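One structure is given below, encoded as structure tokens.
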Amino acid sequence: MLRSHAVTARSSIAAPASLFAGLVLTLFAAAPAEPAATVTPITGPTVISEPGDYEVTSDFTVTDPAGDAIVIRASNVRLSLGGRTITGPGNKQGRGIVLEGATNVSVEGGYVRTFGIGIALIGTRRSSVSNVAVEGADEFADPPAIAPQIGVLLVNSAMNTIRGNRLERVNLGIFVRGAQSYENRIQQNAATAGFNGLLGICYNPAAGEGAVGPQRDQVQQNTIDGFPKGIQASDESTNNRFVANVIRFTDVAYEDRNGSNQFVGNRSTDLTP
């Protein structure tokens, strides 16, 4: 009788444990799966006016001399170029990727060729452009009479990150303008001139906005190769820091016309024979 009672007791204890295990499995099995993010494909010139994820899914060409490839006018946008190539009309015309008045936008991973301006940030905040290759056509320019071809242009744009991009055969590598441009981070980009390069990185006021230029940017660990002038900060551009850049130049490594900008730990090589 005692043995029988003991067996019965063990059975009565085991039953709730197995019931609990089954309940746990049922709960986990019933948990809904996370819905997959919707990605909107881009196959030609596009204006993005809604937040979301977008991806270029095929190469395309812009033939309109005044045309833009992709214009982003919405905040909270992620644009992947998908390793694709977007080609412009040539002759220093058109714009490739344009961010206008946007916040929290990221652009990454592809090729932009033969536009007047490869990438432009106009009135943009807290956004990023990374791992994009911008290729120009190495065409002659003589500003202001003959407009230059620009790799990356920032106008009155603040707290953005421009990182790990490759800019080749353009007149101006990275051009930052305007009193509302401040606290941008321009890091680990490579700008390489062709025969018609002018400036690797340039800081200036914006046209028609008075004598105030960009302030408090961090320009760090960029490589500037083959331009006559590596870095130029205008009289009106103040308190920007240029740190640990590598500059291979043919005329002047860097020029601080204001005196308030900081040049720290940059390495320069004169390419003039």
Side-chain angles (χ1 to χ4, degrees), residues 32-62 67-88 94-135 150-168 170 173-178 180-191 214 217-222:
E34 289 290 332
T38 300
V39 178
T40 302
I42 294 175
T43 59
T46 301
V47 175
I48 296 174
S49 56
E50 297 291 339
D53 288 357
Y54 297 80
E55 182 173 358
V56 177
T57 55
S58 64
D59 299 347
F60 68 89
T61 298
V62 176
D68 300 323
I70 300 175
V71 179
I72 302 173
R73 293 184 177 139
S75 296
N76 303 313
V77 168
R78 177 183 174 274
L79 172 62
S80 170
L81 302 183
R84 303 291 184 172
T85 298
I86 303 172
T87 302
R95 301 182 299 179
I97 311 297
V98 185
L99 284 63
E100 290 185 351
T103 300
N104 192 30
V105 172
S106 69
V107 179
E108 60 185 15
Y111 302 85
V112 178
R113 302 180 62 250
T114 61
F115 285 91
I117 301 172
I119 299 169
L121 283 71
I122 313 295
T124 295
R125 300 287 187 271
R126 299 186 186 279
S127 296
S128 66
V129 178
S130 59
N131 301 316
V132 177
V134 177
E135 181 182 338
I150 301 170
V152 178
L153 171 67
L154 291 85
V155 180
N156 290 326
S157 294
M159 297 172 283
N160 302 291
T161 299
I162 310 298
R163 178 182 291 138
N165 303 288
R166 190 175 78 246
L167 319 169
E168 298 180 349
V170 291
I174 298 173
F175 195 11
V176 185
R177 306 194 70 173
Q180 298 306 310
S181 288
Y182 58 87
E183 296 178 12
N184 297 293
R185 294 182 177 273
I186 298 173
Q187 301 172 327
Q188 300 171 359
N189 304 283
D217 278 10
Q218 291 279 344
V219 183
Q220 187 172 5
Q221 295 179 328
N222 301 283

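Hydrogens, waters and symmetry mates are skipped; everything else that's a heavy atom, side chains included, is used. In this text, all values refer to a predicted model and were calculated from it rather than measured experimentally.
In terms of modelled atom types and a separation under 3.5 Å, the side chain of N222 and the main chain of N189 share a donor-acceptor contact. Listed for the N160 side chain is a donor-acceptor partner under 3.5 Å among the backbone atoms of T124. Side-chain atoms of S181 never come within 3.5 Å of backbone atoms of V176 as a donor-acceptor pair (strictly under, hydrogens ignored). Judged by distance alone, the side chain of N165 and the main-chain N or O of V129 form a donor-acceptor pair under 3.5 Å. With hydrogens and angles disregarded, no donor-acceptor distance shorter than 3.5 Å links the side chain of S75 to the backbone of A102.
Interatomic distance, N104 CG to R126 CZ, rounded to the nearest 0.5 Å: 9.5 Å. Atom CD1 of I97 and atom CG of L79 lie 6.0 Å apart (nearest 0.5 Å). Between the CD1 atom in I150 and the CG atom in L154 there is a gap of 10.5 Å [rounded to 0.5 Å]. Here I86 contributes atom CD1 and F115 contributes atom CZ; the two are 6.5 Å apart, rounded to the nearest 0.5 Å. Residue N184 holds its CG atom at 10.5 Å from CD of Q218, rounded to the nearest 0.5 Å. Distance check, rounded to the nearest 0.5 Å: CD1 of I117 to CD1 of I122 gives 7.0 Å.
Under a cut-off of 6.0 angstrom, the local environment of OH in Y111 is sparse, with at most 12 non-hydrogen atoms contributed by other residues, nucleotides or ligands. More than 12 non-hydrogen atoms from other residues, nucleotides or ligands lie less than 6.0 angstrom from CZ of R84.
For T85 against R113, the heavy-atom pair with the smallest separation is CG2-CD, 3.5 Å. When all heavy atoms of G96 and A69 are compared, the closest pair comes out as O-CB, 3.1 Å. What you find for S157 and L121 is that their closest heavy atoms are OG-O, 3.1 Å.
Side-chain contact between Q187 and Q221: absent, with no pair of heavy atoms (C-beta onward) separated by less than 4.5 Å. At least one side-chain heavy atom of L99 sits under 4.5 Å from a side-chain heavy atom of V107.
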Would you be so kind as to tabulate the donor-acceptor pairs closer than 3.5 Å made by side chains of residues 41-57, with sequence neighbours excluded?
unit_1	atom_1	unit_2	atom_2	d
T46	OG1	G44	O	2.7
Y54	OH	E50	O	2.8

Walk me through whether R125 and Q180 qualify under side chain to side chain contact (heavy atoms under 4.5 Å, CB included). CA-CA 10 Å; R125 300 287 187 271; Q180 298 306 310; 4.1 Å; yes

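Residues satisfying the side-chain hydrogen bond (donor to acceptor under 3.5 Å, both in side chains) criterion with Q220, sequence neighbours excluded, are absent altogether.
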